[in-house]
Asks: 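Below is a structure I'd like to ask you about.
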Amino acid sequence: MHILVTNDDGITHPGLHALAQSMKSLGEITVLAPDHNWSASGHVKTLHRPLRVQQTKLPNGTPAMMSDGAPSDCVALAILGLVENKIDLVVSGINPFGNIGDDVTYSGTVTAAMEAAISGIPSVAFSLDSPFDLQGDRDFSAAGTIAQRVAARTALAGLPRNTLLNVNIPYVPLNQIKGMRVTRLGLRVYRDELVRRDDPQGRPYYWIGGEAPTGVPEEGTDVGALNEGFVSITPLHLDMTAYNLMQEVSEWKWDSD
Ligand code: MN
């Protein structure tokens with residue numbers, strides 16, 4: 001088995017190193033990750049500038065490649081032929097923060113996996129639900145072990161085209177993880193606010209700021225599973241059609257002025 005390992009936090013991030021390490025026992029790995037942090041970049045396809053790829057090494061000496069493209073560009077590059085050997089599985093992460101609810105539309109971690117799903121390659125996005133305000137180094141060891149299990153299962157079972165798994169892991173030691181739950185997307189609560197300031201020339205500029213998001217820990221959702229100490233596994237589909245709205249919208253008077 002040949003596994004492509006990528007992330008959205010960049011080639012130097014310890015979450016990527018933990019994921020690469022945990023995939024080694026499953027087969028051959030190729031690491032191709034962005035050369036800088038693309039968190040919350042969404043699903044990117046870089047069309048208006050060239051993409052560069054450089055050889056590098058992870059801190060433990062593992063050969064790797066880095067690109068100035070987005071996470072989804074890295075996956076596209078690899079699938080379209082930059083990587084010669086056929087790719088059987090794409091894993092992305094380990095993101096240091098949870099990607100739950102509407103986060104999946106912003107997340108570079110998840111959209112890297114989506115890029116693989118479009119090409120029909122099974123893919124999994126991994127995120128560690130660690131506190132936003134945690135000081136010091138994060139411990140990715142439990143998440144790495146979980147990622148190994150999930151990747152092995154996914155490779156064995158396969159996934160239909162246009163589907164992927166979004167996996168969130170609670171930030172506790174391995175022996176305190178209560179188990180795995182298959183979930184639906186829950187409700188992320190954003191607390192964004194617009195911060196307006198003036199630059200030295202008196203022109204306004206803006207930050208989208210505010211406190212860290214929270215979530216509604218409803219049973220059956222990703223937020224709920226994490227809240228109870230379970231790994232959350234959410235199967236995602238790229239078909240975003242709102243089927244239950246089709247009838248209503250079709251009844252709007254489309255043919256009159
Ligand atoms: Mn990230």
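Atoms within each ligand, like the ligands themselves, are counted from 1 in listed order.
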Asks: I need the OD1(D9)-the Mn ion (ligand 1)-OD1(D8) angle, rounded to 10 degrees.
Replies: 90°
Asks: Do the rings of Y190 and Y106 sit parallel, tilted or perpendicular, given the 30° and 60° boundaries?
Replies: perpendicular
Asks: Decide side chain to side chain contact (heavy atoms under 4.5 Å, CB included) for L156 and T154; before the verdict, give the C-alpha distance in whole Å, the side-chain angles of both, and the deciding distance to 0.1 Å.
Replies: CA-CA 5 Å; L156 199 64; T154 306; over 6 Å; no
Asks: With Q176, which residues qualify under side-chain contact (heavy atoms from CB on, under 4.5 Å), at least two apart?
Replies: V172, P173
Asks: Between the side chains of N7 and S92, is a donor N or O closer than 3.5 angstrom to an acceptor N or O?
Replies: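 There is no such pair between these side chains.
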Asks: Would you say the Mn ion (ligand 1) has S107 as a near neighbour, meaning an N/O/S atom of that residue under 2.8 Å away?
Replies: no
Asks: Taking 2.8 Å as the cut-off, does N95 contribute an N, O or S atom near the Mn ion (ligand 1), distance below it?
Replies: yes
